[in-house]
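Please read the structure below before turning to the comments.
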Amino acid sequence: MAKSKLKLSGTKLKMVAGMVESGLVGPALRTKVMRQMGLDAIWDAHLDEEDAPALVLTRRADSSEEKGEEA
Amino acid sequence: MTGFQFRTISELADAYRGGRTNPVAIAKKILDAVAEFDANKPPLRAFIAQRSEDVMEMAEASHVRHQKGEPLSLLDGMPIAVKDEIHQKGYPTTVGTSFLGTIPQDQDATVVARLRAAGAILVGKTNMHEVGIGVTGINPHHGPARNPYDLARITGGSSSGSAAAVASGLCPVALGADGGGSIRIPSGLCGVVGLKPTYGRVSEHGAFPLCWSVAHLGPIAGTVADTLEVYRVIAGKDNKDPNTWSQPDPVFSGILDGSLENMTLGVCPEFFNQADDEVVAACRQTIHAMEDLGARTKEVSIAGLAYVRPVQYLTIGVEMAAALYEYRKEDKTRFGADTRVLLQVASSAPAVDYVRAQQLRGRIIAGFDAALAGVDVLVSPTTGRTAAPISAQAAKTGESDEALLESLTEFSFAANLTGLPAVTVPVGYDEQGLPIGFQITAPAWREDLALRCAAAVERTVERQRPQQFIDLLE
């Protein structure tokens, strides 16, 4: 079920936070996270150029309709 | 429903009407209990802030109304807690940080204003995972909220204090916020009921803006009936939140009938079985109990499940990074270390990835809508496991635990990405006595279907009394 096993607390977690923010391991960590999530593979396999971004904001609630009244 | 039961709004209302107790006595009892629970080792830490004078003022006003026989509503005199991500007049909104909320709010969020207008006693602001970015409830600034069923364990999060407050009996209902499972996960781990309504059903006005496209407010309660009572008050259009304007009227009738005749439950094995054996077994047993009440079960497949997690990570992560951009620009180190890591990683995601995630999100929405087309609701566990232990070090510094994060959020993300309503209801306990939650997801705007199923399930479950508990009517 769980693919990644990173578990940190205490001094190690603080140290990693500082390193990530300083840029020392930021790009590498991002690459690791992206690879673990398999984003490139997902984009390649599933995304069609005709897919429009889903805008839940307009899909579930059409704000062009008449403005509601406060209950 | 047999055995232990959480005290309910209607029981309190009966006690007020019959003169057995009154809102002032209840408010005092709660303030004393919170102090006692927080003085224990380890402390419960359900609340971040309580203004005693403010609480007693509301209680006294309610007491007067009850003495006159003129309560404002069923919620008059009912103690309700508010997650510290939601503005409440007179309190700062810290969002679980050490530095936000230096000034008390001068306005209520819409949901809080509606509860106040109904006569509720707003008993304080509850603890939460810092900025809602995690789901354990381990907060290095305010201390972790602890699970009333085992104080050595997490509540889940991010609405950790709200779930702890309800499960420990301090109030029948609390408000939570859910961007990736933050109402359902702590409710599930703490053995209470939690409702994430449809996106746009409940006004977000006055909630700290963290993750606009996946954020929802909703109730956490000891029972489905109490969940419904508060949902009834907070749901509906609000001229301060355009996302609420075009919703159909919510349905409140027939929910507590207990019948599941003609109800078809959708089970997606690929989705359902992604949990520990004990959790899966308890949830399977629940399905059988629902079938005994008249429901039918149908196996379904859900297209797009494989990319729910990366799409949710990108969506909520990038939106939170954007929401907190100015605060991070000033000083990143004011956040807890786990928050710092996650916000930095999210900040480094290219804009193209965020847009592509939204493109795939459309497919996830279509996949869930298609699965729901042939059934009334989808059912699954709420979390992949029960409450995890809190290490002494994590309690002080926070923790980053990817495996735990994945297990706790296995079933929750989809309802945030799709905007669909989902409720969790307790269905049993593992060998260690830790609660197991069952999630029911309904079509958009059909909270009534999810709550109707939850109410029926609730009657089949023997609840257990939490270790840390106060009976407000004892």
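Note that these values count all heavy atoms, side chains included, but never hydrogens, waters or copies made by symmetry. Quick note on labels: first sequence line is chain A, next is B, and so on, each numbered from 1.
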Subject >> Side chain to side chain, B:Thr397 and A:Lys14, heavy atoms closer than 4.5 Å >> reply: yes
Original post:
Is it the side chain or the backbone of B:Arg363 that comes within 4.5 Å of chain A heavy atoms, both, or neither?
Top reply: side chain
Subject >> Enclosure of B:Asp331 CG (heavy-atom neighbours >12, cutoff 6.0 Å) >> reply: yes
Subject >> Engaged part of B:Lys396 at the chain A interface, taking heavy atoms whose separation is under 4.5 Å >> reply: neither
**OP:** Measure the CD-OG1 distance between B:Gln393 and A:Thr11 for me, rounded to the nearest 0.5 Å.
**Re:** 6.0 Å
**OP:** Give a yes or no on this: more than 12 heavy atoms of other residues, nucleotides or ligands lie within 6.0 Å of atom OH of B:Tyr327.
**Re:** no
Original post:
Does B:Glu399 offer a backbone N or O that forms a donor-acceptor pair with the side chain of A:Ser9 under 3.5 Å?
Top reply: no
Original post:
Can you name the nearest heavy-atom pair linking A:Ile42 to B:Pro310, along with the distance?
Top reply: CD1-CG, 3.6 Å
Original post:
For B:Ala357, is it the side chain, the backbone, both or neither that has a heavy atom under 4.5 Å from a heavy atom of chain A?
Top reply: both
